[in-house]
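Notes follow the structure.
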Amino acid sequence: MKEVFVSNCERSFVKRAIEVDTRLDGRTLFEPRPLKINFGANWGCCLVSLGQTRAAAQVSCEIQQPRASRPNEGMLFVNVELNPLAAAHFEKGKHSETAALINRQIEKCLKESRCVDLESLCIVAEKKVWNLRVDVTIINHDGNLIDCASIAALTALMHFHRPDVTSTGEEVIVHPFTEKDPLPLTLYHHPVCISFITFDNGKTVVDPSYLEERCGAAILTMSINAYREVCSLYFDYIEYTSLVADVIPSVSNFAANYSLELIRDIKEAVRLDVEAKYKKEVPQSRTFPNCIAQDKLMSMIQERINIRLTTWRVSNGEKVPGAGMVIDMASDDDEGEILNTGNGTAELIMKKTANTIGEGGRNTWLSSDSSDNEMEHHADAVDDDDDVEFVAIEPKVKVIDDIELSGDSEEEVTEVLSKQDLL
């Protein structure tokens, strides 16, 4: 399936909004989306959400022979997979150009920057080493896949613990986790990717959404660690303008500060989950089931969109939108409520969304272990619906003629019916 075409009206609307320092999701130009990290039951398994962009990462290891050029170092392999679950235009089992670009950027960020101590993965020089494999799967595509995938890969490496081994000279014994505690990986530094999109009007935004990526003129991805060191740099332009040359000096300071905040949040999340695993406790706020909406029909429900408003006026002691924003409230079924969520932002919340499947309404399917109160509430809701009237319809049987079949004669009686008899 081909990618959805972006119309000229959409491009013009996005560019005009950027000119007045306004983004469609209510963020400022240098305001990234919130980061959420959830961990699985296994070591090195995590799910990273950067806004609505989601990526899952899993680190695995196996014992192999080292390369002849580096006999005392382990190996690190990165694989990025894009499937139709993330976006309809991704093809399953096909390594697209987008997947190759993301894979290359993560390899530059993690592998070529030498952040992982590969010498510590050596078991027996020239014979046995650990081979690490990082599998990153994009679950939902809402822009900025490189940043989300790099954060997921780095978090999985920091969270991963390999089994302890014992070498007797001739054989290698891999101890299970029940015998010896697993060992964490040694990381020299922690680089993350930070992406920017520059428009033809000279404005630059951080952490672009999917629509902003399609409307931008140039893309810049910087891999920076907590020491404010640039590990890799990627720059590509879609529409060349004379303003893109000043992008790197204008965003480098912000990228260094933002990378420090990201790495601090990642370290804190990994530390809490590792301590909980050693204590045989599972923090409910950072597990996979916590990132799934339990009361929704769809597992990955989109959050409400923040609407940026310029003015507010007070009516009867309540804040309502000012001039320039009109909401039709004529229909009682579509009645909504506007809430002021911050400085100049608001949310439109629909009151009746119980049966709106497309908007991810509440699940009304009752299971066998539902409580009696839920069953009674469901029954009352059905009884209150007076719009449906059930009418019993009895079928009419038309008898053409009575035929006597009680006789003993074996002769067949043939009767010819006219057209009037059939009517």
Side-chain angles (χ1 to χ4, degrees), residues 3-35 50-53 141-148 194-222 235-258 261-262 302-315 318-329 336-349:
E3 194 171 6
V4 179
F5 179 76
V6 179
S7 63
N8 293 332
C9 295
E10 292 177 305
R11 293 179 182 273
S12 177
F13 181 79
V14 172
K15 292 179 181 179
R16 289 186 179 181
I18 296 298
E19 288 180 357
V20 295
D21 298 341
T22 301
R23 303 173 72 173
L24 299 185
D25 52 5
R27 294 182 291 159
T28 59
L29 299 184
F30 286 93
E31 180 182 354
R33 289 174 292 184
L35 175 66
L50 192 62
Q52 295 299 326
T53 302
H141 179 20
D142 191 28
N144 201 8
L145 295 179
I146 297 179
D147 292 14
C148 188
I194 301 175
S195 298
F196 300 87
I197 286 290
T198 301
F199 294 85
D200 53 5
N201 54 17
K203 298 288 186 177
T204 302
V205 299
V206 68
D207 189 12
S209 62
Y210 176 69
L211 187 57
E212 292 172 347
E213 287 182 346
R214 302 285 301 278
C215 302
I219 180 173
L220 171 66
T221 301
M222 305 176 65
F235 183 79
D236 187 18
Y237 61 88
I238 304 172
E239 300 176 2
Y240 179 77
T241 59
S242 59
L243 300 174
V244 298
D246 301 331
V247 175
I248 298 178
S250 61
V251 302
S252 58
N253 190 26
F254 171 81
N257 297 330
Y258 178 50
E261 297 179 3
L262 278 180
Q302 291 189 356
E303 298 176 356
R304 297 187 181 95
I305 299 177
N306 292 329
I307 306 173
R308 181 168 294 277
L309 304 177
T310 56
T311 58
W312 282 77
R313 59 183 176 85
V314 180
S315 177
E318 297 181 357
K319 291 185 177 181
V320 297
M325 181 177 180
V326 180
I327 300 177
D328 186 10
M329 295 295 181
E337 181 180 359
I338 302 175
L339 298 180
N340 182 13
T341 58
N343 185 12
T345 60
E347 288 185 357
L348 175 61
I349 304 176

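Computation of the quantities below employed the complete heavy-atom set of this structure, encompassing side-chain atoms and omitting hydrogens, waters and symmetry-equivalent molecules. Starting from 1, each residue takes its place in the sequence as its number.
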**Request:** Ignoring hydrogens and angles, state whether a donor on the side chain of Ser195 or Asp147 is under 3.5 Å from an acceptor on the partner side chain.
**Result:** yes
**Item:** Taking every non-hydrogen atom, the tightest pair across Val205 and Ile18
**Value:** CG1-CD1, 3.9 Å
**Asked** Any Lys/Arg nitrogen of Lys203 or Glu19 sitting under 4.0 Å from an Asp/Glu carboxylate oxygen of the other?
**Response** no
**Side chain proximity check, Ile194 to Thr221, heavy atoms < 4.5 angstrom** = no
**Item:** Spacing of OH belonging to Tyr258 relative to CZ belonging to Phe30, to within rounding of 0.5 Å
**Value:** 13.0 Å
**Complete:** When rounded to the nearest 0.5 Å, the distance separating CE of Met222 from CD1 of Ile146 is 13.5 Å
**Request:** Report yes if some heavy atom in the side chain of Phe235 is under 4.5 Å from a heavy atom in the side chain of Ile219; otherwise report no.
**Result:** no
**Heavy-atom side-chain proximity of Val206 to Leu29 below 4.5 angstrom** = no
**Message:** So which atom in His141 and which in Glu213 form the shortest heavy-atom distance, rounded to 0.1 Å?
**Reply:** CE1-OE1, 4.2 Å
**Message:** Under a 3.5 Å distance rule, please check whether Arg11 uses its side chain to pair with a backbone N or O of Arg214 as donor and acceptor.
**Reply:** yes
**Request:** Check Lys15 against Phe199 and note the closest heavy-atom contact, atom names and distance.
**Result:** CG-CD2, 4.2 Å
**Asked** To the nearest 0.5 Å, how far apart are CG in Leu50 and OG in Ser209?
**Response** 11.5 Å
**Message:** How close do Arg33 and Asn144 get, counting heavy atoms only, and between which atoms?
**Reply:** NH2-CB, 3.5 Å
**Prompt:** Quick one: OG1 on Thr53 to OH on Tyr210, what's the gap to the nearest 0.5 Å?
**Reply:** 11.5 Å
**Request:** Indicate yes or no for a side-chain donor-acceptor contact from Ser250 to the backbone of Val247 under 3.5 Å, with no hydrogens or angles considered.
**Result:** yes
**Side chains of Thr198 and Leu220 in contact at under 4.5 Å (non-hydrogen atoms)** = no
**Asked** To the nearest 0.5 Å, what is the distance between CZ (Phe196) and CD (Glu212)?
**Response** 13.0 Å
**Item:** Side-chain ion pair, Arg27 and Asp207, N-O less than 4.0 Å
**Value:** yes
**Asked** Atom CG of Leu35 and atom CG of Leu262: how far apart are they, to the nearest 0.5 Å?
**Response** 6.0 Å
**Asked** Can you find a heavy atom in the side chain of Thr28 that is under 4.5 Å from one in the side chain of Asp21?
**Response** no
